[in-house]
Amino acid sequence: MRAVYSSYVRYLSAVCARYIPNDEDVKDVLQESFLRIFDGIGSFEYRGKGSLKGWLTKITVNEALKFIRRNDKIEFVDISSHQDIQPDEEPDIDSVTSSVIFRLIRELPDGYRTIFNLYVIENRSHKEIAALLGIKESTSASQLHRAKSLLATKIRQYNHLNTVCHYER
């Protein structure tokens, strides 16, 4: 258990943090995840390289989703509250570090962030996401589109701010 914990605690913390923006809540979910992992380790079935990491990730994502549902943390934001959202244009991410992108994803509204992570990071289909969250597939698709648009806007704003700051030096 110690070896599993020390090998995966940082990775699984990052998985939790993708879904949950509050660091104290991340710690709680991570603790619950490890309890679930250690309770169920006997049922783990090795299926080749990466299977343990995949199994641990699945449990952690499920615990994060349980936390979100249990605490009513998922709210789907109406598009009218984000009128400045741009159409799908790829922002320039070459000058943006992964830690900044991670932070910007954490700043997305809960529903956007949850669906973005499930679809983009976990490679879940809209059908799977709809079943996990108890929503329609079309809701999942529209929230993903809005999440991508808002994230692109945030990245453009970040790039603009850094360009302005760079020129002022």
Side-chain angles (χ1 to χ4, degrees), residues 1-79 81-82 93 97-152 154-155:
M1 286 194 282
R2 184 174 292 141
V4 169
Y5 180 84
S6 62
S7 296
Y8 292 99
V9 67
R10 289 181 59 169
Y11 169 75
L12 295 177
S13 291
V15 169
C16 284
R18 284 198 314 251
Y19 292 89
I20 301 167
N22 179 291
D23 290 336
E24 290 304 312
D25 292 338
V26 166
K27 290 175 187 175
D28 291 343
V29 171
L30 186 62
Q31 180 177 335
E32 288 299 317
S33 298
F34 274 108
L35 290 173
R36 169 91 58 211
I37 287 164
F38 296 142
D39 279 349
I41 197 78
S43 68
F44 169 69
E45 200 173 298
Y46 182 77
R47 295 180 183 191
K49 186 177 179 178
S51 62
L52 178 60
K53 187 176 186 179
W55 184 74
L56 298 172
T57 302
K58 183 176 181 179
I59 290 171
T60 304
V61 168
N62 287 338
E63 287 300 313
L65 294 176
K66 267 197 251 182
F67 173 85
I68 291 167
R69 283 191 300 266
R70 186 173 56 242
N71 294 290
D72 294 323
K73 295 282 186 184
I74 192 161
E75 181 179 311
F76 297 105
V77 179
D78 183 30
I79 193 69
S81 65
H82 288 288
I93 60 170
T97 65
S98 59
S99 62
V100 169
I101 292 174
F102 179 74
R103 180 178 53 82
L104 295 175
I105 291 170
R106 285 186 86 188
E107 291 174 359
L108 291 172
D110 296 333
Y112 289 9
R113 184 182 58 253
T114 301
I115 290 172
F116 180 87
N117 283 313
L118 287 169
Y119 189 87
V120 174
I121 310 293
E122 308 298 334
N123 295 313
R124 301 283 183 108
S125 69
H126 289 299
K127 184 175 184 172
E128 291 171 308
I129 294 169
L132 277 171
L133 301 178
I135 59 175
K136 296 178 186 172
E137 285 182 55
S138 60
T139 301
S140 176
S142 68
Q143 295 292 295
L144 175 64
H145 173 74
R146 292 171 183 169
K148 286 179 169 182
S149 295
L150 183 55
L151 184 57
K154 286 176 171 284
I155 291 169

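Residues: numbered from 1 along the sequence shown.
One distance of note links CZ of F67 with CD1 of I20; it measures 5.5 Å at 0.5 Å rounding. Considering NZ of K27 and SG of C16, their distance stands at 12.5 Å, rounded to 0.5 Å. Rounded to the nearest 0.5 angstrom, T60 OG1 and L12 CG are separated by 4.0 Å. Rounding to the nearest 0.5 angstrom, the gap separating the CG atom in D28 from the CG atom in D23 is 11.0 Å.
We find that E107 and R103 are joined by a salt bridge, their nearest charged nitrogen and carboxylate oxygen being less than 4.0 Å apart.
In this structure a side-chain-to-backbone donor-acceptor pair under 3.5 Å is present from R106 to A17. Remark: the backbone N or O of R18 is paired with a side-chain donor or acceptor of N117 at under 3.5 angstrom.
Annotation for Y19 and I68: closest pair O-CD1, 3.9 Å, computed over non-hydrogen atoms. Nearest heavy atom pair, residue R113 against residue P21, reads NH2-CD, 3.1 Å. Of all heavy-atom pairs spanning L150 and P109, the tightest one is CD2-CD, 3.6 Å. Summarising the geometry of F34 relative to Y8, their closest heavy-atom pair is CZ-C, 4.5 Å, with the distance given to 0.1 Å. Nearest heavy-atom pair, V61 versus E122, reported as atom, atom and distance to 0.1 Å: CG2-OE2, 3.4 Å. Residues E128 and N123 come closest through the heavy atom pair OE1-O, 4.2 Å.
Using a 4.5 Å heavy-atom threshold, the side chains of I129 and T114 count as separate. In this structure the side chain of L118 reaches within 4.5 angstrom of the side chain of L65, judged on heavy atoms. For the pair W55 and I37, the minimum side-chain heavy-atom distance is below 4.5 Å.
The aromatic rings of Y119 and H126 sit parallel, their planes meeting at an angle under 30°, below the 60° perpendicular limit.
Judged as a side chain to side chain donor-acceptor pair (under 3.5 Å), and not counting sequence neighbours, S7 has no contacts. Qualifying side chain to side chain donor-acceptor pair (under 3.5 Å) partners for Y11, counting only residues two or more places apart in sequence or in other chains: T57.
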Problem set entry | Verdict with supporting geometry, Y112 and K148, side chain to side chain contact (heavy atoms under 4.5 Å, CB included) | CA-CA 8 Å; Y112 289 9; K148 286 179 169 182; over 6 Å; no
Exercise. Which is it for I135 and I115 under the side chain to side chain contact (heavy atoms under 4.5 Å, CB included) test, yes or no, and what are the steps along the way?
Worked result: CA-CA 11 Å; I135 59 175; I115 290 172; 3.8 Å; yes
For this session: Decide side chain to side chain contact (heavy atoms under 4.5 Å, CB included) for V100 and I155; before the verdict, give the C-alpha distance in whole Å, the side-chain angles of both, and the deciding distance to 0.1 Å.
Result: CA-CA 9 Å; V100 169; I155 291 169; over 6 Å; no
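Atom CD1 of I41 is surrounded by more than 12 heavy atoms from other residues, nucleotides or ligands within 6.0 Å. Surrounding CZ of F38 are more than 12 heavy atoms belonging to other residues, nucleotides or ligands, all under 6.0 Å away.
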